[in-house]
Amino acid sequence: MVVRRIVRLSFAAVWVILAQAAGAYGQEAPQEGVGIRLLEVPVDRAPDARAQRYVIDHVDPGTVIRRRIEVVNHDSSPTVVRLYAAGAVVEDGEFQPAEDESGGEIARWTRLDRSSVELPARTSAELTATITVPTDASAGERYGAIWAELPPSEGSAVTVVNRVGIRIYLSVGEGGEPASDFEVDTLTAARGADGTPVVKAKVRNTGGRALDMRGELSLTDGPGSLSAGPFPAQLGTTLGLGQEGDVLVPLDPEIPAGPWTATLTLSSGTLERTVQGTITFPDAAGVSAPPVRAERVVDSMRGLIIVGVALLLILLLLLLILWRLVLYVRKRHRDRNDDESKARPEERTPEPVG
Amino acid sequence: MQLKKILATGAALATAASLFALAPAAQATDADLTVTAAGTIAITAPTAKVNLGSLAAGVTAADAPNALGTVSVTDTRTGLVNNNWTVTVKSTAFSSTASGATPIAAASIGYKPGTVTSTDSLATGTPVLALSETVAAATVIRVGVGTNDASWTPKLTFTLGANTVAGTYTGTITHSLS
């Protein structure tokens, strides 16, 4: 069963190659240290920016997945890099690498085809990570990372170890992937300790997969019909299943206090939500205004397109039916006329006198 | 006969319309695609021989006199919607070979990234008040689009009980960039 699954995945899966020829060094900007890169992503996840950086997948128990990864030595001297997989947790709005005593499921399930690699100056090497999900694995999302660890600092005092890695978000379960979703509950206008206006949004992960949030805030309908922004949101970390977090958007100190219509668009991967609320910044520094309920703005272009096309098709359908009806009526009318004209010559034919 | 044809056409079109309206977002075909998202995130090698200096017993969250070596991150990933990265940090307990010395727990050690110098000022550093041996906490986070780099010279803080035995304590700090 497992073999069949492996074969099926190997031959049926089509990989998107985020390619650079292995071993070639072609960076424009000067980089230092050791870098890492995910080399491939499944075709149907290619539009997801997260899947291009992290190993993200949803698989049945008993599945084997593979990803190729590249490790690059940007320095002008050779180095030896240690390679291994370890676990992680998503807590407090953060993706936290964790090494627990039991090794964690991701660490146990992941095999790398090499445990270390010698890299001469300015060269790269490829490795393949194989994640084998046991047939009795429970449903749910696991987290971990594949690490490239640099040699520790030398010396007898405090040792510093630096490592760079590719995160893993692996969802296991029979059937389709759990849908991702989140809600933005409230928007709070506040001023930081230095008086900088900041908007805090309370975000709740209501879906079945962890989210890496990003977004931006725009202000409109302000005093004197002013608009401001968009300002980038600062969360940038991870919300686990059922977890809540604050997204902070610092704004320009020059903007007036309000009232403003704040429009916040947040996204994770290909999932996007927009909310709005009316906010006014407090006057004093270090103070928050009362939270304002964030109203969802339905901005799905795809929904509009589907509705538009459906209406168009229905219109065409009606026109077609109408046209056929007209043809039908005309044909019947013609048939009736033909019958009548066929009948008249018979009437005119005089009966033979016999 | 004609009426049947009309109804048949109507039914076919209606089915097509409803299928299209309910169809999920188009699945990728089996055609090979090449996405040219190049670039890596990279972290520099740690500085050798970090000697933090001396602290007296009984201090609370005191900065070690000397900083850890500078940490630099560069992100040359292109073709992505965002170039977010996070550096998390964890620590082992610091132990000493002096007789009678008990290890300084990781939770008594704090990490201050200090000022983060970055090309586009979208990288922010947050102190971690209490480190952990098993779970790494986020300290420097970058959220934004486009290639970038950031560097900082962190300091460690120590909370030492009044009975801490004098000696040289050593441990390991791990920075994880992902």
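Treat the numbers as computed from the prediction; the structure is a model and nothing was measured.
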Next item on the list: Give a yes or no on whether the backbone of A/Arg82 and the side-chain of A/Arg163 come within a donor-acceptor separation of less than 3.5 Å.
Entry: no
Looking at [options], which has the largest count of heavy-atom pairs under 4.5 Å with chain B?
| options | result |
| --- | --- |
| A/Val71, A/Ile166, A/Val160 | A/Val160 |
| A/Leu150, A/Val89, A/Ile36 | A/Ile36 |
| A/Gly165, A/Pro152, A/Ser267, A/Pro97 | A/Pro97 |

Check: Is the closest side-chain donor-acceptor distance between A/Asp212 and A/Ser268 under 3.5 Å?
Finding: no
Notebook entry, point to check: With a 3.5 Å cut-off and no angle check, do the side chains of B/Ser96 and B/Thr168 form a donor-acceptor pair?
Noted result: no
Non-hydrogen atoms of chain A under 4.5 Å away: do they reach the side chain of [X], the backbone, both or neither?
| X | answer |
| --- | --- |
| B/Thr124 | side chain |
| B/Leu68 | side chain |
| B/Ser176 | both |

Check: Do NZ/NE/NH1/NH2 and the carboxylate oxygens of B/Arg142 and B/Asp75 come within less than 4.0 Å?
Finding: no
Checklist line | Neighbour count above 12 (heavy atom, 6.0 Å) for A/Asp335 CG | finding: yes
